[in-house]
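Written below as structure tokens is the structure these notes are about.
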Amino acid sequence: MPFRHRLPPRSLPFPTPYTQALSDLRPRVVAFDDDLPWLAADPDRREAIRASGAHTLLTAPLTVRGTVLGLVSLYRTRYPVPYDEADAHLVVQLADTP
């Protein structure tokens, strides 16, 4: 069955952790707070993050043989310890397929 409803593409204010990770192919670990300009510019995303209880974002490029396919974005909600660089290293290992 074909997809019948096409959603318009979303533009994201630059820079965001997502656009930065896609630009330089490095992961980002971000603690959420009210002072993040990219979240202030996207109230729908900010509200969704608040409603979920997420306190930390870890995003990394998903690549296969050097080609970027997208992003892996993990949001920490229930576990109180934020993501750290060790978590980012593990995600890069999983998201980067040679």
Side-chain angles (χ1 to χ4, degrees):
M1 182 158 106
F3 185 72
R4 295 176 191 223
H5 301 286
R6 296 209 181 262
L7 299 175
R10 286 178 52 175
S11 63
L12 295 172
F14 189 81
T16 70
Y18 314 104
T19 59
Q20 291 172 326
L22 288 173
S23 293
D24 63 14
L25 304 182
R26 293 181 24 228
R28 294 294 189 283
V29 176
V30 179
F32 291 122
D33 63 38
D34 290 333
D35 295 331
L36 296 171
W38 61 275
L39 270 183
D42 190 348
D44 292 337
R45 183 182 305 270
R46 180 179 57 203
E47 185 52 40
I49 289 169
R50 281 186 184 160
S52 74
H55 57 82
T56 313
L57 162 69
L58 193 169
T59 190
L62 175 64
T63 62
V64 174
R65 290 184 223 101
T67 300
V68 178
L69 301 178
L71 285 171
V72 174
S73 296
L74 306 172
Y75 298 83
R76 183 149 282 170
T77 57
R78 294 185 184 148
Y79 188 65
V81 178
Y83 288 120
D84 61 20
E85 293 306 314
D87 297 314
H89 180 74
L90 176 61
V91 168
V92 167
Q93 296 294 318
L94 295 172
D96 185 19
T97 303

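The chain is numbered in sequence order, starting from 1. Keep in mind the model is a prediction, meaning the values are calculated, not measured.
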**Prompt:** Heavy-atom distance under 4.5 Å between the side chains of S23 and Q20, does that happen here?
**Reply:** no
**Complete:** For A21 and P61, the nearest pair of non-hydrogen atoms, with its separation, is O-CG, 3.8 Å
**Request:** Keeping to residues at least two apart or across chains, list the side-chain hydrogen bond (donor to acceptor under 3.5 Å, both in side chains) pairs with something in residues 78-92.
**Result:** none
**Message:** Give me the atom names and distance for the closest heavy-atom approach of D35 to D33.
**Reply:** N-OD1, 2.8 Å
**Fill in**
side-chain hydrogen bond (donor to acceptor under 3.5 Å, both in side chains) pairs touching residues 61-72, sequence neighbours excluded, are T63-D96
**Prompt:** Do you reckon V64 sits in the same ILVMFWY cluster as V92, going by side-chain contacts under 4.5 Å, direct or chained?
**Reply:** no
**Item:** I49 side, atom CD1; T77 side, atom OG1 - distance, nearest 0.5 Å
**Value:** 12.0 Å
**Request:** Please name all residues satisfying salt bridge (Lys or Arg N to Asp or Glu O under 4.0 Å) with R50, sequence neighbours left out, ordered by chain then number.
**Result:** D34
**Request:** Using the six-membered ring wherever Trp is involved, compare the ring planes of Y75 and F32 and label them parallel, tilted or perpendicular (cut-offs 30° and 60°).
**Result:** parallel
**Request:** Output all residues satisfying side-chain hydrogen bond (donor to acceptor under 3.5 Å, both in side chains) with S73, sequence neighbours left out; order by chain, then residue number.
**Result:** T59
**Hydrophobic cluster identity match, L25 and L22, side-chain contacts under 4.5 Å** = yes
**Prompt:** Hey, what do you get for CZ (R45) to OG1 (T16), rounding to the nearest 0.5 Å?
**Reply:** 7.5 Å
**Asked** Do P17 and L57 come within less than 4.5 Å of each other through their side chains, counting heavy atoms only?
**Response** yes
**Request:** Quick one: pull up CZ in R76 and CG in L58 and give me the separation to the nearest 0.5 Å.
**Result:** 8.5 Å
**Item:** Residues which pass salt bridge (Lys or Arg N to Asp or Glu O under 4.0 Å) with R28, listed by chain and number, not counting sequence neighbours
**Value:** D24
**Prompt:** Out of curiosity, L74 CG to T56 OG1, how far, rounded to the nearest 0.5 Å?
**Reply:** 11.0 Å
**Fill in**
Hits for side-chain contact (heavy atoms from CB on, under 4.5 Å) against A31, two or more places apart or cross-chain, chain-then-number order -> none
**Message:** I'd like to know if L71 and V68 are part of one continuous hydrophobic network [Ile/Leu/Val/Met/Phe/Trp/Tyr, side-chain heavy atoms within less than 4.5 Å].
**Reply:** yes
**Prompt:** Same cluster or not: are V29 and L62 linked, directly or through other Ile, Leu, Val, Met, Phe, Trp or Tyr residues, by side-chain heavy atoms under 4.5 angstrom apart?
**Reply:** yes
